[in-house]
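All values below were derived from every heavy atom in this structure, side-chain atoms included, with hydrogens, water molecules and symmetry-related copies excluded.
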Amino acid sequence: MLRNTRSGWGVISILFHWLSALAIIGLFILGWWMAGLGYYDPWYNQGPWVHRSIGILLLLATVGRLIWRFAQPTPAGEGSRLEQAAAHLGHIALYVLLLLVLTSGYLISTANGRGISVFGWFEIPAVLYDLPNQASLAGEVHWYSAIALMLLAGGHALAALVHHYRYRHTTLSRMVNPRYSRTSL
């Protein structure tokens, strides 16, 4: 099942979810590691290039994911109305933080007016640049929003595990296996 239904997530949504999660965690670890690199480290230039390339691919995937999400039905939530509302607000916050991290990263990388080469495959042009303190301000936003994103994503993962193991909800199972739906219980 490629598409979502009211009872379960489709393969495309599941792939968007898990590939995004992997990219977000990898980018955070790479970014943290890069912050400690010395000028003469062989990865001093290579690390940021990989970080930017993956970041742009994630930005494009996130835009595609949002379009897909709005075009597809959302499976029915589980739990009380309060839990469902909290989950909805949490997902909105995750998307907002993700877009903030990715946009601020783009603004850091293009502050000098040069585009971003994505693994040498194509280049994303600099659209907004030469603003006063652009790289510094975007860098602050990037750092703090990345930390907030990781904390919220950790809470998201913890909530999924609690709902799966303690409350026996099918939410996590539906995000792992497209054949698993509430009707398959």
Side-chain angles (χ1 to χ4, degrees), residues 2 9-69 90-161 164 172 175-178:
L2 289 177
W9 298 102
V11 171
I12 294 172
S13 292
I14 291 171
L15 285 174
F16 270 136
H17 178 272
W18 291 110
L19 291 174
S20 294
L22 183 64
I24 291 164
I25 293 166
L27 284 169
F28 186 79
I29 292 169
L30 179 58
W32 191 293
W33 177 71
M34 284 181 343
L37 292 177
Y39 182 76
Y40 295 105
D41 191 291
W43 273 88
Y44 184 78
N45 290 315
Q46 189 71 17
W49 182 71
V50 170
H51 187 83
R52 285 189 298 266
S53 293
I54 294 172
I56 290 295
L57 292 176
L58 180 59
L59 177 58
L60 295 173
T62 300
V63 170
R65 182 180 182 179
L66 286 168
I67 291 168
W68 183 256
R69 176 142 178 140
H91 284 105
I92 290 171
L94 283 167
Y95 280 119
V96 167
L97 282 171
L98 180 56
L99 289 170
L100 187 60
V101 170
L102 295 169
T103 303
S104 61
Y106 168 81
L107 290 172
I108 295 166
S109 300
T110 59
N112 60 7
R114 288 193 304 251
I116 300 172
S117 170
V118 179
F119 292 120
W121 301 335
F122 60 93
E123 185 169 307
I124 298 294
V127 177
L128 186 63
Y129 55 90
D130 282 339
L131 298 174
N133 300 319
Q134 179 175 335
S136 297
L137 292 173
E140 291 287 317
V141 170
H142 191 68
W143 175 248
Y144 289 111
S145 58
I147 290 172
L149 177 62
M150 291 306 294
L151 290 172
L152 188 58
H156 174 72
L158 182 61
L161 292 171
H164 182 76
L172 182 59
M175 188 46 77
V176 173
N177 185 350

Exercise. Given Trp9 and His17, is the side-chain contact (heavy atoms from CB on, under 4.5 Å) satisfied, shown in steps?
Worked result: CA-CA 10 Å; Trp9 298 102; His17 178 272; over 6 Å; no

Kindly indicate whether the side chain of [X], heavy atoms from C-beta on, has any atom under 4.5 Å from the side chain of [Y].
X: Val118; Y: Ile54; answer: no
X: Glu123; Y: Ile116; answer: no
X: Leu99; Y: Leu66; answer: yes

Exercise. Looking only at atom types and distance, does a side-chain atom of Ser20 sit under 3.5 Å from a main-chain N or O of Leu58, one as donor and one as acceptor?
Worked result: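 Such a contact is absent between Ser20 side chain and Leu58 backbone.
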
Who passes side chain to side chain contact (heavy atoms under 4.5 Å, CB included) against [X], sequence neighbours left out?
X: Ile12; value: Leu2, Phe16, Trp68
X: Val96; value: Ile92
X: Ile67; value: Val63
X: Ile29; value: Ile25

Acceptor/donor pairs from residues 147-156 side chains to any protein atom, 3.5 angstrom cut, sequence neighbours excluded:
none

Problem set entry | Minimal non-hydrogen separation, Pro132 against Leu137, with atom names |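 Distance-wise, the nearest heavy atoms are O-CD1, 4.0 Å.
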
Problem set entry | Minimum-distance pair of heavy atoms, taken over all atoms of Val141 and Ser104 |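 Looks like CG1-CB, 3.9 Å.
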
Exercise. Can you name the ring-ring contact (aromatic ring centres under 6.0 Å, His included) partners of His164, sequence neighbours left out?
Worked result: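 So His164 forms no ring-ring contact (aromatic ring centres under 6.0 Å, His included) with any residue.
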
Exercise. Which pairs, with at least one residue in residues 45-65 and sequence neighbours excluded, count as a ring-ring contact (aromatic ring centres under 6.0 Å, His included)?
Worked result: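 Counting only pairs at least two positions apart or across chains, the ring-ring contact (aromatic ring centres under 6.0 Å, His included) contacts touching residues 45-65 are Trp49-Phe119.
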
Problem set entry | Contact list for residues 126-147, test ring-ring contact (aromatic ring centres under 6.0 Å, His included), sequence neighbours left out |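 The answer is Trp32-Trp143.
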
What donor-acceptor contacts under 3.5 angstrom involve side-chain atoms of residues 33-45, with partners at least two apart or in another chain?
residue: Asp41; atom: OD1; partner: Trp43; partner atom: N; Å: 2.8

Without placing hydrogens or testing angles, list every side-chain donor-acceptor pair under 3.5 Å for residues 105-113, not counting sequence neighbours.
residue: Tyr106; atom: OH; partner: Pro125; partner atom: O; Å: 2.6
residue: Tyr106; atom: OH; partner: Val127; partner atom: N; Å: 2.8
residue: Ser109; atom: OG; partner: Gly105; partner atom: O; Å: 3.1
residue: Thr110; atom: OG1; partner: Tyr106; partner atom: O; Å: 2.8
residue: Asn112; atom: OD1; partner: Arg114; partner atom: N; Å: 3.0

Problem set entry | Nearest-0.5 Å distance, OG1 of residue Thr62 to CD1 of residue Ile24 |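 Going from the OG1 atom of Thr62 to the CD1 atom of Ile24 covers 6.5 Å.
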
Exercise. How long is the gap from CG on Leu27 to OG on Ser53, to the nearest 0.5 Å?
Worked result: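 It is 10.0 Å, given to the nearest 0.5 Å.
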
